[in-house]
Amino acid sequence: MAFGKGHHLHLVDGSAFIFRAYHALPPLTRKSDGLPVGAVSGFVNMLWKMIQDNKGPDAPTHAAVVFDKGSITFRNHLYDQYKANRDEMPEELRPQIPLTREATRAFNIACLEEEGFEADDIIATLACRAREAGGRVTIISSDKDLMQLVGGGVEMFDAMKNVRIDREGVEAKFGVGPERVVDVQALAGDSVDNVPGAPGIGIKTAALLINEFGDLETLLERAEDVPQPKRRQTLIEHAEQIRLSKKLVQLDCDMELSYDLDSLEVVEPVADDLLAFLTAMEFRTIVRRVSDELGKEAPAIPEEAPETVEPEAQADFPETYEWVRDEAALEAWIAKAHARGYVAVDTETTALNEMQALLVGVSLAVAPGEACYVPLAHKTNPEADLFATDALAEGQIPMARALELLKPLLEDPSVLKIGQNIKYDAKILARNGIDIAPVDDTMLLSYAMHAGLHGHGMDVLSERYLGHVPIPIKSLIGTGKSQITFDGVAVDKAVNYAAEDADITIRLWQAFKPQLHRARVTTVYETLERPLIPVLARMEMAGIEVDRETLSRMSGAFAQKMAGLEEEIRELAGEDFKVGSPKQLGEILFDKLGLPGGKKGKTGAYGTGADILEDLATEHELPGRVLDWRQVSKLKSTYTDALQEKIDPATGRVHTSYSIAGANTGRLASTDPNLQNIPVRTEEGRRIREAFVAPAGRTLVSLDYSQIELRILAHIAGIEELKQAFREGQDIHALTASEMFGVPMEEMTPEIRRQAKAINFGVIYGISGFGLARNLRIPREEAQGFIDRYFERFPGIKGYMDDTIRFAKDRGHVETLFGRKINTPEINAKGPGAGFARRAAINAPIQGTAADVIRRAMIRMEAATASLPATMLLQVHDELIFEVDEGSEDALIAVAREVMEGAAMPAVDLSVPLEVDAGQGRSWAEAH
DNA sequence: GTACTCACG
DNA sequence: GACGTACGTGAGTACG
């Protein structure tokens, strides 16, 4: 039966698909030979998704994927500048073009292209013919040039946004119906395609004119009647150029084609052909998906070749290591360590939490391959121990005696102890009466040199720098419910695992230590990383008192409030659902209640973030209630409930753990629990800080840097006005507002100041019009206007940004004022990642310098406050929290403030003063 | 295990 | 030819 009524033709804009896939995906290559295949992969995935999404009653009966062919088309003969400003096709994309044709054929879909024509013309011709035959057409593309085809059974579908575009969609975009789209385009022109149009006339004005005069020809003939003199003159002067533009944007609906619509009938792919293509491309995931769908067994793809490692780095690791069974053997190892002057140390324990973990054994390494394990608290094999006596396994030195032997070595100032994350071991040992010193830490060596390149855990480092995959801990203790603690591991197995860790550590140290100087980060490591280890270890062990009663009471109140809100939400929704499920909430909001808003993300789930719900709150009551519920739920689950669990039964306090090498910029990260994100911004949340208290006779003191990042920005970028303002103690946001908007300081309003404040923060983050617009909830153009004016007013800031990007592109890293290097491997990448990398590069020196400053303060703080009855407990990026005996608060504040304000000196003499605000009280809520 | 959401500076 | 974007974190919950 010939194509006609009841038939449905799908036309895919293949070239658009390819470009989109190319830019959306990282540069993927085929494992076996390095052929770039990222765009092919994305293209195939999009095709597959399209096929899966279009099953059912509305499935296409006919389909084709249409491509551009050649870069010279008939339009270039009309106008030689057509698409002249288009970039060359990227090098990696070129070889992928023929593969996308192959992919299309592998799916058994018609693959159309015509020399001298654009894909759009083929699409236009086929769409017109299908319409004339009485069938329906869906054009899968978001290209506005195709919108002229919509109507009379022809629609478009934007596969990226998942929206259909019909007549109304076209009118929304162009202000006119599809049949007048070319007229509007002819007037407005198109900078992307280099269609000239009429200068000074954009889509809005064009639509206005066309709607008033009916069509383009009438408009041009009656141009004299246009009331506005500027427009009138433009239309008269550029009439020919406008007519030419119309020819350029008008699609050719009447191409001669060697095939007819019937030849485009949908046929099922031949499973073997399709899988053969996908297998040859080595697309593992999609091969699996397609095989599942087609009920075929997935063909094998050869496993990728192992990463090549420098031969000399492929060190030989022993199969087994020495099990130290008695005192004599241990003494021999201790002697070796003394003789060397350094030793790698690693402790094995029963838990990751250093405050609760019990020591199970110690491993030592003095040279690559020369390592041992000293088991101390392994239990007998439970299978052999029928009576579960918890007896100790044989071949272990008594704990107390072993520690007695180890203590002099580990505390010997002439022997360097090397660890991987040695803060952990230091805390374990401290709880066993040993103050390990001096130390080196391979994790921190790596962090100083490689921040931004990769993580700094032992597994990553070993694989990357030694070409060796360590024995996974899971192979010994298992996972999930059946996981055991290390003291339950059989000693012979534990020996090989534990000694290997020490072996790896000493090899990493030998690899890293000589590089430190070459990388010019010796000072960073020695003044900002290593000295922080004992400081943080003590802070973590000190912990902070948290009042369980307060939290428990709050939990109860929150539970009641949540129940009430759930009831209200249920009534507003008209049904019961899990408020905590974004998926269910999205369905209620958008499907059931029909509120405006769209899908997003790879999963196709509706977004229900706070910003979206806030926008919806004007439409319906439910979103506001959900926001309230979310806030309370967060406070309860993350804080009032979870924090109670974290109170150490032995100390009655909460002990966080800081990771020194967690954040790329030099900031610390706090985990288990995270005490750097205790609520403060809302009144209800802030009350959680009431549970953080000082014990009887003590007071909590909090000191925080005022505007430290802006001050550092003012210094680095050398902005005299800002520096002056900081010196005079002015309100910096008000000053910015005054400079930008020309409002005298006396007439400043909170609203204008708020906007300036947002801009100041935006600058630190590597500002974008989009981001500022979203933050301030203003149109993007307006936000961009603010930014332009800001850069105009403070050209030094723009200069700093450009210089920083330049530096990063040339050197592959950026630096803080103290020499910390943050690598920026993505800075020369293309695609959306580039913007990310640029903003991160702008932010890193500012955030990183501030992090360095407070690190220096912390390192000096202990000596400065040694004579005071005070303990440093917490760090929250720009804030330090202390506990001090009542009566000594002011003395502490004076000393600590001096240390903090002078922390940059003498290494860096900032041209702006650092200022520190202080507070004190019974609780953190009062002190802050 | 991943995605989403939300707490902090 | 088009996307998606403020910087840096950690943790709890839902869901496949």
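Note that the coordinates shown come from a computational prediction; the quantities given were computed from them, not determined experimentally. Chain A is the first sequence line, chain B the second, and so forth, proteins listed ahead of strands; every chain is numbered from 1. The figures here come from the full heavy-atom set of this structure, side chains too, leaving out hydrogens, waters and symmetry mates.
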Quiz item: Going by heavy atoms in the side chains, are K423(A) and E540(A) under 4.5 Å from each other?
Solution: yes

Quiz item: dC4(B) and dG4(C): how far apart are their P atoms, nearest whole angstrom?
Solution: 13 Å

Practice problem: Could you give the distance separating dA2(C) and dC6(B) at their C1' atoms, to the nearest angstrom? | Solution: 31 Å

Quiz item: Given dA6(C), dG10(C), dG8(C), which nucleotide is nearest the side-chain atoms of R667(A)?
Solution: dG8(C)

Quiz prompt | Any N/O donor-acceptor pair, R681(A) side-chain to dG9(B) base, under 3.5 Å | solution = yes

Practice problem: Assign A837(A) to base, sugar-phosphate, or nothing according to its heavy-atom contacts below 4.0 angstrom with the strands shown. | Solution: nothing

Practice problem: Pick base, sugar-phosphate or nothing for A642(A), based on heavy-atom distances below 4.0 Å to the nucleic acid. | Solution: sugar-phosphate

Quiz prompt | Distance in angstrom units between R777(A) CZ and dA6(C) C1', rounded | solution = 14 Å

Self-check item: Nearest-Å distance for atom pair CD1/C1', residues I846(A) and dC7(C)
Solution: 9 Å

Quiz item: Rounded to the Å, how far apart are I708(A) CD1 and dG8(C) P?
Solution: 18 Å

Quiz item: Is a donor-acceptor pair below 3.5 Å formed from side chain R780(A) to base dT5(C), judging by atom type as modelled?
Solution: yes

Quiz item: Touch check for G835(A), heavy atoms < 4.0 angstrom, all strands: base, sugar-phosphate only, or nothing?
Solution: nothing

Quiz prompt | Atom-to-atom span, NZ of K583(A) to C1' of dT13(C) - whole angstrom | solution = 15 Å

Exercise. Using a heavy-atom cut-off of under 4.0 Å over every strand shown, decide if D13(A) touches base, sugar-phosphate, or nothing.
Key: nothing

Exercise. Quick one: label D704(A) by what it contacts on the DNA or RNA (base, sugar-phosphate, nothing), any heavy atom closer than 4.0 Å.
Key: nothing

Practice problem: Could you pick out which residue, P582(A) or H877(A), lies toward the 5' side of DNA chain C when each is mapped onto its nearest nucleotide? | Solution: H877(A)

Exercise. Have a look at E879(A) and say if it touches a base, only the backbone sugar-phosphate, or nothing, with a 4.0 Å heavy-atom cut-off.
Key: nothing

Exercise. Using a 4.0 Å heavy-atom cut-off across all strands, classify D878(A) as base, sugar-phosphate, or nothing.
Key: sugar-phosphate

Exercise. Using a heavy-atom cut-off of under 4.0 Å over every strand shown, decide if I764(A) touches base, sugar-phosphate, or nothing.
Key: nothing

Quiz item: What integer distance in Å separates F770(A):CZ from dT5(C):P?
Solution: 6 Å

Quiz item: If we call it a pair only when both distances are under 3.5 Å in a Watson-Crick or G-U wobble match, what pairs with dG16(C)?
Solution: none

Self-check item: I822(A) CD1 - dC7(C) C1' separation (whole Å)
Solution: 12 Å

Quiz item: Rounding to a whole Å, what distance do you find between I612(A):CD1 and dC6(B):P?
Solution: 10 Å

Exercise. Assign S670(A) to base, sugar-phosphate, or nothing according to its heavy-atom contacts below 4.0 angstrom with the strands shown.
Key: sugar-phosphate

Quiz item: Between the side chains of S768(A) and R780(A), does any donor sit under 3.5 Å from an acceptor?
Solution: no

Quiz prompt | NZ/NE/NH1/NH2 to OD/OE distance under 4.0 Å, R856(A) and D852(A) | solution = no

Quiz item: Choosing from dG12(C), dT5(B), dA6(C), which nucleotide comes nearest the side chain of T638(A)?
Solution: dG12(C)

Quiz item: Any idea which of dA6(C), dG10(C), dC8(B) is nearest the A758(A) side chain?
Solution: dA6(C)

Quiz item: Considering heavy-atom distances to DNA chain C, does K578(A) or A16(A) have its closest nucleotide positioned more toward the 5' end?
Solution: A16(A)

Self-check item: Per A663(A) side chain, nearest of listed nucleotides dT9(C), dG9(B), dA6(C)
Solution: dT9(C)

Exercise. Look at all strands and tell whether N677(A) reaches a base, only sugar-phosphate, or nothing, counting heavy atoms closer than 4.0 Å.
Key: base

Practice problem: Can you tell me, in whole Å, how much space there is between the P of dA6(C) and that of dT5(B)? | Solution: 14 Å

Self-check item: Proximal nucleotide (of dG9(B), dT5(B), dA11(C)) relative to the D672(A) side chain
Solution: dA11(C)

Exercise. Give none if dA7(B) has no partner; otherwise give the nucleotide forming a Watson-Crick or G-U wobble pair with it, both distances under 3.5 Å.
Key: dT9(C)

Practice problem: Name the closest nucleotide to the R630(A) side chain, picking from dG10(C), dT5(B), dT5(C). | Solution: dT5(B)

Quiz item: At under 4.0 Å between heavy atoms, what does E709(A) touch on the DNA or RNA strands: base, sugar-phosphate, or nothing?
Solution: nothing

Quiz item: The side chain of V876(A) lies closest to which of these nucleotides: dG9(B), dC15(C), dA6(C)?
Solution: dG9(B)

Quiz item: Rounded to the nearest Å, what distance is computed from the CD atom of residue Q875(A) to the P atom of nucleotide dG9(B)?
Solution: 12 Å

Quiz item: What is the pairing partner of dG4(C), taking Watson-Crick or G-U wobble pairs with both distances under 3.5 Å in any strand?
Solution: none

Practice problem: For the residue pair R20(A) and S15(A), confirm or rule out a side-chain donor-acceptor distance under 3.5 Å. | Solution: no

Quiz item: Do F786(A) and Y790(A) have their ring centres less than 6.0 Å from each other?
Solution: no

Quiz item: Does the pair D672(A)/K646(A) count as a salt bridge with the N-to-O cut at 4.0 Å?
Solution: yes

Quiz prompt | Within 45° cone of F836(A) ring axis and under 6.0 Å: R839(A) NZ or CZ | solution = yes

Quiz item: Does R777(A) pair with D611(A) as a salt bridge, N-O distance under 4.0 Å?
Solution: no

Quiz item: At under 4.0 Å between heavy atoms, what does L635(A) touch on the DNA or RNA strands: base, sugar-phosphate, or nothing?
Solution: nothing

Quiz item: With sugar-phosphate meaning primed atoms plus P, OP1 and OP2, does G762(A) contact a base, only sugar-phosphate, or nothing at under 4.0 Å between heavy atoms?
Solution: base

Quiz item: How is A844(A) classified with respect to the nucleic acid when contacts are heavy atoms under 4.0 Å: base, sugar-phosphate, or nothing?
Solution: nothing

